[in-house]
Chemist: 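Take this structure first; my questions come after.
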Amino acid sequence: MHTLLLSASDPITPPTAANLIMNGQLVAIPTETVYGLGANGLDEEAVARIFEAKGRPQDNPLILHISGPEQMELFCHHIPQKAYDLAEKFWPGPLTIVLPARDIVPKRTTGGLSTVAVRCPDNAVTREIIRLSGVPIAAPSANISGKPSTTTAEHVLHDHDGKIAAVVDGGPCRVGVESTIVDLTEKRPRLLRPGGIGPEELIAVLGDLVVDKAVTAQIDKDEVVKAPGMKYRHYAPSEPVVIVSGSREAAARYIHAHFEPGDRVLCFEEELPLYAGCDPLSYGQEADVNTLSAGLFAALRELDDPKIHQVYARCPVGGGVAYAVQNRLKKAAAFHIVDAEAEL
Ligand code: AMP
Ligand code: MG
């Protein structure tokens with residue numbers, strides 16, 4: 001199959017992409033979070049192609065991308081006022097809401113669950129593609145399952161060239177980490193995955209938030225969890241990653257004491273001079289956490305190289321989107337963290 005590369009700024013792109021979606025094809029779409037591998041979310045066969053292309057476990061549900069909050073009611077029922085409040089405040093934007101699913105949503109899309117995740121992305125071209133196709137677009141991140149997510153059209157082509165119908169190139173993703181996921185199907189709202197909307201911002205609207213265990217700890221693969229996707233190895237380059245926490249100086253001392261040829265250092269731009277001779281790679285500035293979220297997956301993909309033995313990674317502290325960066329790095333490191341201050 002020849003994979004079309006469609007420019008988001010070309011007026012022919014939305015109708016072309018929408019036609020492919022209506023025909024059951026796979027189209028990678030840009031969003032403000034990451035690139036998604038999209039298909040008609042109401043068509044079981046189209047959705048099956050997403051799982052096949054990604055090598056994604058069948059029980060890992062997909063997010064339905066909708067063109068506006070009014071579409072929530074088409075695919076969800078028993079929608080609490082809190083869902084409307086969140087949609088009003090954060091849509092279009094990097095927030096996914098889990099609600100009871102209507103029967104029209106195939107079980108293949110929901111990974112067999114009776115709930116469905118919905119989101120309205122902050123990308124006008126992608127919303128136009130959804131609107132023109134007349135169906136919600138089911139789209140997980142467009143990476144091969146388990147690998148770092150895709151934040152450019154080049155990343156998508158690297159993983160899927162020749163296997164999907166088209167990629168819509170909308171440039172690098174602004175946020176760079178996947179959406180925040182909130183489950184509103186229980187008494188208390190539950191954070192299933194941190195993302196572009198920080199927990200503090202959610203609490204300001206919801207007044208309450210339980211953080212799911214899958215956010216903070218490694219989940220056993222046989223455990224039953226609310227967000228099935230969270231139990232799988234995720235975001236990881238091929239070699240082991242270890243997070244080195246603590247002050248800049250303590251971390252540099254620890255890393256220099258343990259660094260061996262073939263290792264790499266993933267750090268903040270401000271730290272590059274500390275690791276001269278260790279082939280450091282920066283993923284953004286510690287002083288501007290948005291650059292870290294935007295740069296994280298491109299850096300992890302660059303480090304996905306069998307010649308590398310081990311990666312020592314530096315991780316930002318704090319809330320907001322830094323909380324999501326911590327979560328992705330911890331997952332990439334399988335929660336392997338050393339405290340450089342304690343090791344001295
Ligand atoms: P991805 O789009 O690749 O980031 O994956 C989508 C994420 O949304 C996965 O981690 C899923 O587990 C989660 N998700 C999707 N639908 C649901 C749902 N109905 N309940 C809980 N989590 C969901
Ligand atoms: Mg993913």
Side-chain angles (χ1 to χ4, degrees), residues 26 28-39 41 47 50-51 53-66 72 75-79 83 94-103 105-121 126 136-151 155-156 159-160 173 175-186 189-197 210-215 219 221 223-236 293 296-297 300-301 324 327-328 331-332:
L26 299 184
I29 47 171
T31 79
E32 78 282 27
T33 59
V34 301
Y35 275 73
L37 188 57
V47 167
I50 297 179
F51 285 90
K54 278 183 63 95
R56 184 176 176 101
Q58 300 285 339
D59 70 345
N60 191 354
L62 308 177
I63 294 169
L64 276 189
H65 292 75
I66 56 180
M72 246 189 319
F75 312 113
C76 312
H77 62 87
H78 287 86
I79 305 175
L95 178 70
T96 296
I97 307 175
V98 174
L99 293 165
R102 286 195 185 277
D103 290 343
V105 183
K107 280 281 187 282
R108 212 181 260 281
T109 300
T110 67
L113 300 173
S114 58
T115 56
V116 63
V118 289
R119 169 168 114 83
C120 177
T126 287
I137 297 188
S141 52
N143 51 286
I144 298 288
S145 213
K147 289 294 177 185
S149 303
T150 39
T151 55
H155 293 162
V156 179
D159 287 13
H160 296 294
C173 300
V175 178
V177 290
E178 300 84 346
S179 57
T180 303
I181 305 180
V182 182
D183 181 356
L184 293 183
T185 63
E186 293 180 344
R190 180 179 287 267
L191 179 69
L192 299 183
R193 177 175 76 185
I197 305 294
V210 182
V211 176
D212 196 77
K213 183 180 163 202
V215 174
I219 301 293
K221 70 176 179 358
E223 226 170 303
V224 176
V225 286
K226 288 293 293 184
M230 300 300 271
K231 69 187 175 194
Y232 295 107
R233 185 167 190 254
H234 237 116
Y235 317 120
S293 70
L296 178 65
F297 284 128
L300 287 176
R301 291 179 78 90
N327 171 264
R328 302 307 189 272
K331 297 252 172 205

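Predicted model only: the values in this text are computed from it and were never measured. As the structure lists them, so they are numbered: ligands from 1, and atoms in each ligand from 1. Nothing fancy with the numbering, it's 1 onward along the sequence.
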Chemist: Under the criterion side chain to side chain contact (heavy atoms under 4.5 Å, CB included), I'd like the reasoning laid out for S141 against K54: C-alpha separation, chi angles, the key distance, then a yes or no.
Modeler: CA-CA 9 Å; S141 52; K54 278 183 63 95; 3.5 Å; yes

Chemist: Mark up the atoms of ligand 1 that fall under 4.0 Å of a heavy atom belonging to I181, in ascending order.
Modeler: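 Going through ligand 1 atom by atom, the ones under 4.0 Å from I181 are 7 (C), 8 (O), 13 (C).
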
Chemist: For ligand 1, which atoms, with element, lie under 4.0 Å from some heavy atom of L113?
Modeler: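 Going through ligand 1 atom by atom, the ones under 4.0 Å from L113 are 18 (C), 19 (N), 20 (N).
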
Chemist: Any side-chain donor-acceptor pair under 3.5 Å between R119 and T31?
Modeler: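 Yes, T31 and R119 have a side-chain donor paired with an acceptor closer than 3.5 Å.
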
Chemist: Run the contact test for V98 against ligand 1 with a 4.0 Å cut-off on heavy atoms, strictly below, and give the result.
Modeler: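 Within the 4.0 Å threshold, so yes.
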
Chemist: Any side-chain heavy-atom pair from R56 and L62 closer than 4.5 angstrom?
Modeler: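 R56 reaches L62 side chain to side chain.
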
Chemist: If hydrogens are left out, which of H65, E178, R190, R56 has an atom nearest to atom 6 (C) of ligand 1, that is, the closest non-hydrogen atom?
Modeler: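 Result: the heavy atom closest to atom 6 (C) of ligand 1 is in R56.
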
Chemist: Between the side chain of T180 and the main-chain N/O of G195, is any donor-acceptor distance below 3.5 Å?
Modeler: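 Yes, the answer is positive, given that a donor and an acceptor are paired below the 3.5 Å cut-off.
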
Chemist: Side chain, backbone, both or neither: which part of L192 has a heavy atom under 4.0 Å from ligand 1?
Modeler: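 It is the side chain that touches ligand 1; the backbone stays farther off.
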
Chemist: Is a donor on one side and an acceptor on the other found under 3.5 Å between the side chain of H160 and the backbone of V156?
Modeler: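 Side chain of H160 to backbone of V156: no pair is present.
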
Chemist: Nearest 0.5 Å, please: how far is OG1 in T126 from CD1 in I29?
Modeler: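 These two atoms lie 5.0 Å from each other.
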
Chemist: Could you establish whether L62 and ligand 1 come within less than 4.0 Å of each other, counting only heavy atoms on the residue side?
Modeler: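 L62 counts as a contact of ligand 1 under the 4.0 Å cut-off.
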
Chemist: Are side-chain heavy atoms of L64 and V118 found at a separation under 4.5 Å?
Modeler: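 In short, these two side chains touch, coming nearer than 4.5 Å.
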
Chemist: Closer than 4.0 Å to some heavy atom of P140 - which atoms of ligand 1 meet that?
Modeler: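 Counting atoms of ligand 1 from 1, those under 4.0 Å from P140 are 1 (P), 2 (O), 3 (O).
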
Chemist: Enumerate the atoms of ligand 1 whose separation from the nearest heavy atom of R193 is less than 4.0 angstrom.
Modeler: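 Heavy-atom distances to R193 below 4.0 Å select 1 (P), 4 (O), 5 (O), 7 (C).
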
Chemist: Measuring from atom 19 (N) of ligand 1, which candidate in T96, T115, L64 has the nearest non-hydrogen atom?
Modeler: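 Result: the heavy atom closest to atom 19 (N) of ligand 1 is in T115.
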
Chemist: Check whether R193 reaches the backbone of S179 with its side chain - one donor and one acceptor, N or O, closer than 3.5 Å.
Modeler: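 Answer holds: yes.
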
Chemist: Output, by chain and residue number, all protein N/O/S atoms separated from the Mg ion (ligand 2) by less than 2.8 Å.
Modeler: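 Atoms qualifying: S141 OG.
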
Chemist: Side chains of R301 and T150: do they bring a donor and an acceptor to under 3.5 Å?
Modeler: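 Their side chains do not contain a donor-acceptor pair, so the 3.5 Å distance test is not met.
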
Chemist: Looking only at atom types and distance, does a side-chain atom of H65 sit under 3.5 Å from a main-chain N or O of I137, one as donor and one as acceptor?
Modeler: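 Judged by distance alone, yes, a pair lies under 3.5 Å.
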
